[in-house]
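Here the structure is laid out as structure tokens; the discussion comes afterwards.
All of these numbers come straight from a predicted model, not from anything done at the bench. Proteins come first, then strands; the chains are lettered A, B, ... in the order of their sequence lines, and each starts at number 1.
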There are 2 protein chains.
Amino acid sequence: MGHTHTSTEMKLAKADALCSQKGLSLTPLRKRVLELLLEAGGPVKAYDLLAALKPDGTAQPPTIYRALDFLTQAGLAHRVEALNAYLACVHGHGDEIAELFICENCGTVREQHAPALPDHTPEGFEISRSVLEHYGRCAQCSTT
Amino acid sequence: MGHTHTSTEMKLAKADALCSQKGLSLTPLRKRVLELLLEAGGPVKAYDLLAALKPDGTAQPPTIYRALDFLTQAGLAHRVEALNAYLACVHGHGDEIAELFICENCGTVREQHAPALPDHTPEGFEISRSVLEHYGRCAQCSTT
DNA sequence: GGGCGTTATGTAATAATATGACATCACGCA
DNA sequence: TGCGTGATGTCATATTATTACATAACGCCC
Ligand SMILES: [Zn+2]
Ligand SMILES: [Zn+2]
Ligand SMILES: [Zn+2]
Ligand SMILES: [Zn+2]
């Protein structure tokens, strides 16, 4: 059994624990979608996930969008806004939020934490959600 | 003649100047789209712009997407990724990039500058474009 | 065990957003 | 004038996402 597979299983187990702790139910369908995201190791489009769920094409869009909504709400995945794609979250976030560095050459995404309150937030503005995405070339791709 | 109108005209004149300086041509169509964005004073959807361009519904999508591409390339407008909407840029950016604070209650957007190189950028990552959007409640809407 | 509310899923239809491909037009320039 | 280039017009289609309603699964009370 390869390393990736084992790692995926561990992450799924962690997700299970996190969900039951929060009173959320990580159903087989939702878990399967998270597994697909983890296996992909990068951003995946909703319709690609849909096709992977049911290769015969019988799964309908709401199936995948509902699962993705759940996962993003639960903090187990992020939506990459400028790609219309979804990404498994690689580490729980507390107060901090996700900041993504997306390589346009090789497609890899590096996820980091960023402070919930950016510098120079306008006086009185209450942030409920932030989108922090940087596009460019990763170190690997820059040198070639 | 009201203040808003005058201000829009001034901004259009500035845009004209900026374009000729850069060797870009702010054609009537492109200028009209920018004018619509300026008049709206906030994010507008592509198909709404399209409808405004030709209320009889004869304008086709590529018309508006091409104009928006031009305006965003020229730095005269921004795409608000998480809204699928477009926004006139209220001030030229040099090296700095746009950071948007979007009120989900009243729809107003506050645009600020942010440094092109965020803290903790991964070693060697070359950023070509960043998306910085914060959603929440503005000061006005927080107090009510 | 039988009703019953709640949550999750299945399914069909459609809406909303965006692009590709090719024709035509306008304009500067040899 | 003829040509090359950039801009626009137009038709078709692709991609992304939601609404609405039916069904299923499950716990809970009786
Ligand atoms: Zn994350
Ligand atoms: Zn790369
Ligand atoms: Zn701007
Ligand atoms: Zn507000």
Side-chain angles (χ1 to χ4, degrees), chain A residues 15-16 19-20 22-37 40 43-74 76-87 104 107 129 131 133 135, chain B residues 15-16 19-20 22-37 40 43-74 76-87 107 129 131 133:
Chain A
D16 258 329
C19 281
S20 50
K22 289 198 200 177
L24 303 173
S25 70
L26 189 61
T27 63
L29 175 60
R30 292 163 175 174
K31 195 167 183 172
R32 176 71 182 126
V33 173
L34 179 55
E35 187 179 22
L36 288 168
L37 287 175
V44 192
K45 302 265 186 178
Y47 275 70
D48 291 343
L49 289 168
L50 196 53
L53 267 186
K54 281 243 194 177
D56 60 357
T58 60
Q60 299 295 310
T63 301
I64 194 66
Y65 284 106
R66 287 191 288 227
L68 290 169
D69 280 352
F70 173 87
L71 294 172
T72 52
Q73 293 282 129
L76 296 168
H78 299 297
R79 177 178 154 81
V80 187
E81 294 291 345
L83 293 182
N84 291 339
Y86 302 82
L87 179 71
E104 292 176 302
R129 182 172 86 96
V131 177
E133 300 174 2
Y135 294 83
Chain B
D16 257 330
C19 282
S20 49
K22 290 198 200 176
L24 303 173
S25 71
L26 189 62
T27 63
L29 175 62
R30 292 163 174 174
K31 194 167 182 172
R32 175 71 183 126
V33 173
L34 179 55
E35 185 179 23
L36 288 168
L37 287 175
V44 191
K45 302 266 187 177
Y47 276 69
D48 291 343
L49 289 168
L50 195 53
L53 267 186
K54 281 243 195 177
D56 60 358
T58 60
Q60 299 294 310
T63 302
I64 194 67
Y65 284 106
R66 286 191 288 228
L68 289 169
D69 280 352
F70 173 87
L71 294 173
T72 52
Q73 293 282 129
L76 296 168
H78 300 296
R79 176 177 155 83
V80 187
E81 294 291 345
L83 293 182
N84 292 339
Y86 302 83
L87 180 70
R129 183 172 85 97
V131 177
E133 300 173 2

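In this structure, R30(A) contributes its side chain and S25(A) its backbone to a donor-acceptor pair below 3.5 Å. Using modelled atom types, one side-chain atom of E133(A) and one backbone atom of A82(A) make a donor-acceptor pair closer than 3.5 Å. With K45(B) contributing its side chain and L83(B) its backbone, the two residues share a donor-acceptor pair below 3.5 Å.
Applying the 3.5 Å distance criterion, the base of dA17(D) shares a donor-acceptor pair with the side chain of Y47(A).
When the P atom of dA7(D) is taken as reference, atom CD1 of I64(B) falls 16 Å away, rounded to whole Å. Distance, L68(B) CG to dT17(C) C1': 12 Å, rounded to whole Å. When the P atom of dT16(D) is taken as reference, atom CG of L50(A) falls 12 Å away, rounded to whole Å. Regarding L83(B), its CG atom lies at a distance of 18 Å from the P atom of dT16(D), rounded to whole Å. One atom, CZ of R66(B), and another, C1' of dA21(C), lie 11 Å apart when rounded to the nearest Å. Following rounding to the nearest Å, Q60(B) (CD) and dA12(D) (C1') show an atom-to-atom distance of 10 Å. Summarising the geometry, the separation between CG on L26(B) and P on dG6(D) is reported as 18 Å, rounded to the nearest angstrom. The interatomic distance linking D69(A) (CG) with dT19(D) (C1') rounds to 14 Å, in whole Å.
Residue R32(A) has no polar side-chain atom (N or O) positioned under 4.0 Å from OP1 or OP2 of dT9(C). A close approach under 4.0 Å does not occur between any side-chain nitrogen or oxygen of T58(A) and OP1 or OP2 of dG10(C). Phosphate contact (OP1/OP2 of dA8(C), side-chain N/O of Y65(A), threshold under 4.0 Å): absent. Remark: S25(A) is not in phosphate contact with dT7(C), judged by side-chain N or O atoms under 4.0 Å from OP1 or OP2. Close to dT16(D), at under 4.0 Å from its OP1 or OP2, lies a side-chain N or O of K45(A). Look at R79(B) and you'll find a side-chain N or O under 4.0 angstrom from OP1 or OP2 of dA18(C).
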### Steps toward side-chain contact (heavy atoms from CB on, under 4.5 Å) verdict (R79(B), L87(B))
CA-CA 6 Å; R79(B) 176 177 155 83; L87(B) 180 70; over 6 Å; no
One pair to check against side-chain contact (heavy atoms from CB on, under 4.5 Å): L36(A) and V44(A). What are the steps and the verdict? CA-CA 9 Å; L36(A) 288 168; V44(A) 192; over 6 Å; no
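The residue among R30(B) and K54(B) whose nearest nucleotide of DNA chain D lies closer to the 5′ end is R30(B).
For P62(A), the side-chain atoms get nearest to dT11(C) when compared with the rest of dT17(C), dT11(C), dA21(C). Taking every side-chain heavy atom of T27(B) into account, dT8(D) is the closest of dC11(D), dT8(D), dT11(C).
Across all strands, Y86(A) comes closer than 4.0 Å only to sugar-phosphate atoms, never to a base (heavy-atom distances).
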